[in-house]
Amino acid sequence: MDEVKTGSETETHNKPKKKKAPKLKDLGLGAPATGGEVLRDAKEAAAIEDHWRDQGSAKPPKDGKKVKYIDELARLQFELIKLQEWVRVNGLKVCVLFEGRDAAGKGGVIKRITESLNPRVCRIVALGTPTERERGQWYFQRYVAQLPAKGEIVLFDRSWYNRAGVERVMGFCTDEEYQEFLRACPAFEEMLVRSGIILVKYWFSVSDEEQEKRFTERMHNPIKRWKLSPMDLESRKHWVEYSKAKDLMLEHTDKTLTPWYLVDADDKKKARLNCIHHLLQRIPYQDIAPVELELPPRQSDDGYKRPKKSKQNWVPDAY
């Protein structure tokens, strides 16, 4: 089982690296259909499921101590369940933004956060291209409709910061619209916080070498190919422009009341653990004892006879 090291580490995106084109064999491509990411995710889910009996015994690791990825992910997911219940019972409104480079791992951490939570409490918002009607609205309007109500957690897989990134770089907005966004966004987010919304913003940072490796895998892996859009490929041509846009965005919107938190995402597993651990620290919560449930006795059939199976269309046993 993979191990990761807890505690702070020096960021790597500023270190000079010798660029090396990724080899397909290093990406696990050409492996049997039963291998790859699908199998890894299935094994991860099964391993985490085995932890449910130990939910009260797992302890946070000491700083600097190596931990097993699955064990720590399971522990953090149990903590997320406690957080979810605290949010629901106390009527909190939690809004988390996930931004960053394409293929930086935003979807992976969102998946690990939500897979153990109630979708009626925690939901994902991943809006597509705005419609013609939405283009004529106030820019923030379609995002406001998705904000959390009391007792809800909303995770934005990309958000209103599209204007500061892809729209700016690819010319999908005018310079006036972009400047207005930089001016209005801090005020908009301050209004959200003052209305009682807990707003947490994450930017996932990935090196150009690691992004190239992930793009190459997506190009050749049918399971991941849907993740690679023409816009993702176009973004590689504008790497420096995206960097400039990101730095300018942080300069204008990284405020004391609504700060940005940057996640070093070159190592996917460490990024997931670090982000979830950090999110749990941003929202004070307590462990609420669940309501004890009792399984009621089954209703008696009172002589009712069900239809014969031979008269119904059953799915054949192929396995």
Q: Please determine if Arg214 and Glu217 form a salt bridge, counting it only when a charged side-chain N lies under 4.0 Å from a carboxylate O.
A: no
Q: Are the charged groups of Glu85 and Lys82 less than 4.0 angstrom apart, N to O?
A: no
Q: Does the distance from a Lys or Arg side-chain N to an Asp or Glu carboxylate O, for Arg236 and Glu212, drop under 4.0 Å?
A: yes
Q: If you look only at distance, which donor and acceptor atoms sit under 3.5 Å apart when one is on a side chain in residues 150-157 and the other is two or more places apart or in another chain?
A:
residue	atom	partner	partner atom	Å
Glu152	OE1	Ala149	N	2.9

Q: Is the shortest distance from a Lys or Arg side-chain nitrogen in Lys244 or Glu241 to a carboxylate oxygen in the other one below 4.0 Å?
A: no
Q: With sequence neighbours excluded, tell me which residues meet salt bridge (Lys or Arg N to Asp or Glu O under 4.0 Å) with Arg101.
A: none
Q: For Tyr143 together with Trp138, are the ring centres under 6.0 Å from each other?
A: no
Q: Any Lys/Arg nitrogen of Arg163 or Glu167 sitting under 4.0 Å from an Asp/Glu carboxylate oxygen of the other?
A: yes
Q: I want to check something: taking the side chain as every heavy atom from C-beta on, are Arg282 and Ile198 in contact at a cut-off of under 4.5 Å?
A: no
Q: If the threshold is 4.0 Å, N to carboxylate O, is there a salt bridge linking Asp264 and Lys270?
A: no
Q: With side chain to side chain contact (heavy atoms under 4.5 Å, CB included) as the criterion, how do Phe98 and Val200 come out once you've worked through the C-alpha distance, each side chain's angles and the decisive distance to 0.1 Å?
A: CA-CA 9 Å; Phe98 294 88; Val200 186; over 6 Å; no
Q: Just jot down the salt bridge (Lys or Arg N to Asp or Glu O under 4.0 Å) partners of Arg194, sequence neighbours excluded, or say none.
A: Glu190
Q: Verify whether one side chain among Thr253 and Glu189 offers a donor that lies under 3.5 Å from an acceptor in the other.
A: no
Q: Begin with the C-alpha distance, continue with both residues' side-chain angles, and end with the deciding distance and a verdict on side chain to side chain contact (heavy atoms under 4.5 Å, CB included) for Val87 and Tyr285.
A: CA-CA 8 Å; Val87 169; Tyr285 66 96; over 6 Å; no
Q: Aromatic rings Tyr202 and Tyr261: how do their planes relate, parallel, tilted or perpendicular, breaks at 30° and 60°?
A: tilted
